[in-house]
Amino acid sequence: MARTHKRRLTALMPRTVAAGRRMIWRQQKWKEKFADLSSDGGGGRIKLRGRGLIFSGHHQLLFSFAYLSISSNWFLEKTAFFEAPKAAKQLEKAEAAIIDGIRLGVLPDVVTYNTLITGYCQFVGFDAGYSVIHRMKEAGITPDVVTYNSLMAGATRQHSLPHCLDMLEEMLNMGIIPDVWSYNTLMHCFFKLGKPDEAYRVFHDILLKNISPCQATYNIMINGFCKNGYIHNALMLFRNLQRHGYIPEIVTYNILLNSLCNSRMWKDMMRLFEELRESGHNPNAITYTTIMKCCFRCKRFKEGLEIFMEMKRKGYAYDLFSYCTVVGALLKSGRRQDTNNCIAHMIKIGYELDMASYNTLINWHCKEGKLETAYNLLNVAEERGEDCDKYTHTILINGLCKAGDIDVAQRHLNHMKLMGFDSLVAFNCFINALCKVGHLDYALQVFHSTDTKDSFTYSSLVHNLCKAKRYRLAAKLLLSCIRDGMRTLKADQRAVLKGLSLTGSKWDAKKFKQKCE
DNA sequence: ATAGGGTTAG
């Protein structure tokens, strides 16, 4: 194997001095071409990853590449930090560079095209990625397992199970034998679409086919269980694996920590965090962000901020995720000065903001009552090519509600629904605003006209009905909330109970209390 | 290639 590789390299080496010069000239030419692709931003972040350096700029693609030292073969390795609308154009440029390379005698290989497919799948879409296959074949290169695995990952990214299965079938038809990663990706796809049973069947398939599962296989299973609400199964699998000598990775811990946090199992989470520290792993930025989020959720602000400081000390905090978490928590707790300071730091670091960070900032402006500034910032985000999402709409609707622009809020809410965004949170904001301005009956009318409600919807109405001394209706709503298996606030229960007994219906109060338990 | 951020009631 090593020998054939060496022979290939020698074959590519220049035979004469003149040939050598020509080759250097060609490489120079190609490098210039490459420089043209990645020059116009100069963000200057350099990361070491895989085989080569990744240069990241602000607005443009970022490529990592490696030269096989003597040979003129090259790889485009990984594209990252694309800006979505520019991505297609940049990928076309990259493909043009490949064609140029062929003309200059620098031949692409299957890795080159696999990289391109990954890029198209990630930044444009599955179809764009799949279309590369034809051009790849035209260039005389046969797809391999990695090609199809990349396409399966692309299909999974856009929640397309049919495409994912198609790729597996096409792979089999071509006589390519799927590997662990093909099955890992298929499993991930099933889990993502909320089909844990099918995913589990894929795992059995892996074992039946005598393929040995890798760490990622188990991580995907644990994550899939967690995300589908089977956290106890995930924990059981985790413990079972440990008993069999499996040493969990930091990723495994992060998956479990996050879902323990989301299911409010704080104590178990802290215990697992201790275990992580004892295991000799170093917590990474993701671990810290998760733990921080947990602290903020239990209202332990001081502890959360201490973790943020620890992150900063270790050099992890130069990360938009952690800043958004902290700013979000500070905003919620109403610490204006701290929020402003934190945002100033975040801006100073100068990272390219993504939609989540813009949303954080837009929410900040809304909370400050500067709706106009919020809308201006939204324009900036859109000009930079970010698409607003359900969070953006919800934040703006909430901002409009809080500013008293109920009519505009309602129009925006309808607009949001028409665009196909999930709007329950925005709906809750709207209901709450209607109650606050005294349109309780209209709020109830809107409430009854829809099927999707959650504990927030009920809580707003119950709270405001109590304030209006309409205890019987409040009790009725609270009970139907409990009947549907939703969480209720203790404060709401107390308010209803107190109201019922104060208004003289002791019997109602007693019955209500019984039903609550 | 598997893990983290941003929206609502009190």
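Keep in mind that what you see is a predicted model, and the values were worked out from it rather than measured. Naming convention: chains lettered A, B, ... in sequence-line order (proteins, then strands); numbering from 1 in each chain.
Backbone-only engagement by Lys367(A) is indicated by non-hydrogen atom pairs under 4.0 Å involving sugar-phosphate atoms exclusively. Among the heavy atoms of the strands lying under 4.0 Å from Ala216(A) is at least one base atom, whether or not backbone atoms are also near. If you check every strand for non-hydrogen atoms under 4.0 Å, Thr156(A) touches nothing. Looking at heavy-atom distances under 4.0 Å, Ala285(A) makes contact with a base.
For Asn363(A), the side-chain atoms get nearest to dT7(B) when compared with the rest of dT7(B), dG5(B), dA9(B). For Asn219(A), taking side-chain heavy atoms from C-beta onward, the closest of the listed nucleotides dG4(B), dT2(B), dT8(B) is dT2(B).
You can call Trp181(A) stacked on the base of dA1(B); the centres are under 5.5 Å apart and the planes sit within 30°. For dG4(B), the base is stacked against the aromatic ring of Phe321(A), per a cut-off of 5.5 Å between centres and 30° between planes.
You'll find the side chain of Ile250(A) reaches within 4.5 Å of the side chain of Asn254(A), heavy atoms only.
Enclosure of atom CD1 in Ile177(A) is not indicated, since only 12 or fewer non-hydrogen atoms of other residues, nucleotides or ligands lie within 6.0 angstrom.
Asp354(A) has no carboxylate O lying under 4.0 Å from a charged side-chain N of Arg384(A), or vice versa, which leaves the two without a salt bridge.
Proximity of Lys490(A) to the phosphate of dA9(B): no side-chain N or O atom is located under 4.0 Å from OP1 or OP2.
For the pair Arg335(A) and Phe301(A), the distance from NZ or CZ to the six-membered ring centre is under 6.0 Å and the angle to the ring normal is within 45 degrees.
Applying the 3.5 Å distance criterion, the base of dA3(B) shares a donor-acceptor pair with the side chain of Asn284(A).
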